[in-house]
Amino acid sequence: LEPFPGQDQSAPGAGSTALVRVAKVLQAAGLSLRAGVVCASLVAVLALCLVACGHVLAATFVLGSSALLGAAAVRRRARRRSEELERDLPALLTTIASSVRAGVDPVLGMVQARKFFRPGSLVAHELEAFDQRLKAGESEEAALEAFMAELSSADLQLFKRCMWLSRCHGASLAEPLHRVVRVVR
């Protein structure tokens, strides 16, 4: 799939620093870079205290075990978010497609779909953020691009492309969305 027009297409290798990679992993798990830095700092301080007290082996154990536990927690949370997306995406697509068939604007149908998901769910949260971006004056294209941007799902990308193409070219969105739902299920 091609990137959205206007999407940042930096030179190869740009943004490949370790910090950017860590931030992307934390973001995929739904955590902030700040939370990751705070946890890493606390572990580093503990390890330095142990080294200062002459317990180098204990410091090594603390660093290694905290890295393993942190990585496992991030993976577990990312997997849960991915599973939640897989569970809720067909319902979202069906809701939007039904709204479009009823004559509702696709973007409005997407905003209104929020009420069909339990509060606090990933999809409800992302739909709320999408609505807030639109209310803040962000373009539909930019708001759609930011919708669940941290999750890498081919089905989600296909939905976003269908939505964007229908907005640009005025094509009907209902039938492509129903096709996507059949593939996702």
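Throughout, numbering of the chain's residues begins at 1 and tracks the sequence.
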Kindly indicate whether the side chain of F147, heavy atoms from C-beta on, has any atom under 4.5 Å from the side chain of M110.
yes
Excluding sequence neighbours, so at least two apart, what forms side chain to side chain contact (heavy atoms under 4.5 Å, CB included) with L63?
V43, A47
Would the number of heavy atoms belonging to other residues, nucleotides or ligands and lying under 6.0 Å from CZ of R34 be above 12?
no
Transitive ILVMFWY side-chain link V111 to W164, under 4.5 Å
yes
What distance separates F116 CZ from S98 OG, expressed to the nearest 0.5 Å?
9.0 Å
Test applied, side chain to side chain contact (heavy atoms under 4.5 Å, CB included); reference residue, R114; option that passes from L92, L127, V123, T95:
L127
Reported CG-to-OG1 distance for the pair L89 and T94, which is rounded to 0.5 angstrom:
9.0 Å
Does any part of the side chain of L50, heavy atoms only, come nearer than 4.5 Å to the side chain of F61, both counted from C-beta?
no
Between L144 and E140, is there a side-chain heavy-atom distance shorter than 4.5 Å?
no
Roughly how far, to the nearest 0.5 Å, is the CD atom of E128 from the CD atom of E126?
11.0 Å
Kindly work out whether a path of hydrophobic side-chain contacts (I/L/V/M/F/W/Y, heavy atoms less than 4.5 Å apart) joins F159 to V107.
yes
What's the spacing between E84 CD and H125 NE2 if we round to 0.5 Å?
11.0 Å
Closest heavy-atom pair, L134 versus A143, reported as atoms and distance to 0.1 Å, is CD2-CB, 3.8 Å
Could you grab the distance from atom CZ of R79 to atom CZ of R75, nearest 0.5 Å is fine?
9.0 Å
Only one of M148, R161, E86 passes side chain to side chain contact (heavy atoms under 4.5 Å, CB included) with L156; say which it is.
M148
Taking the side chain as everything from C-beta on, heavy atoms only, tell me whether D88 gets closer than 4.5 Å to L122.
no
Tightest non-hydrogen contact, residues Q112 and K115, listed as O-CG, 3.2 Å
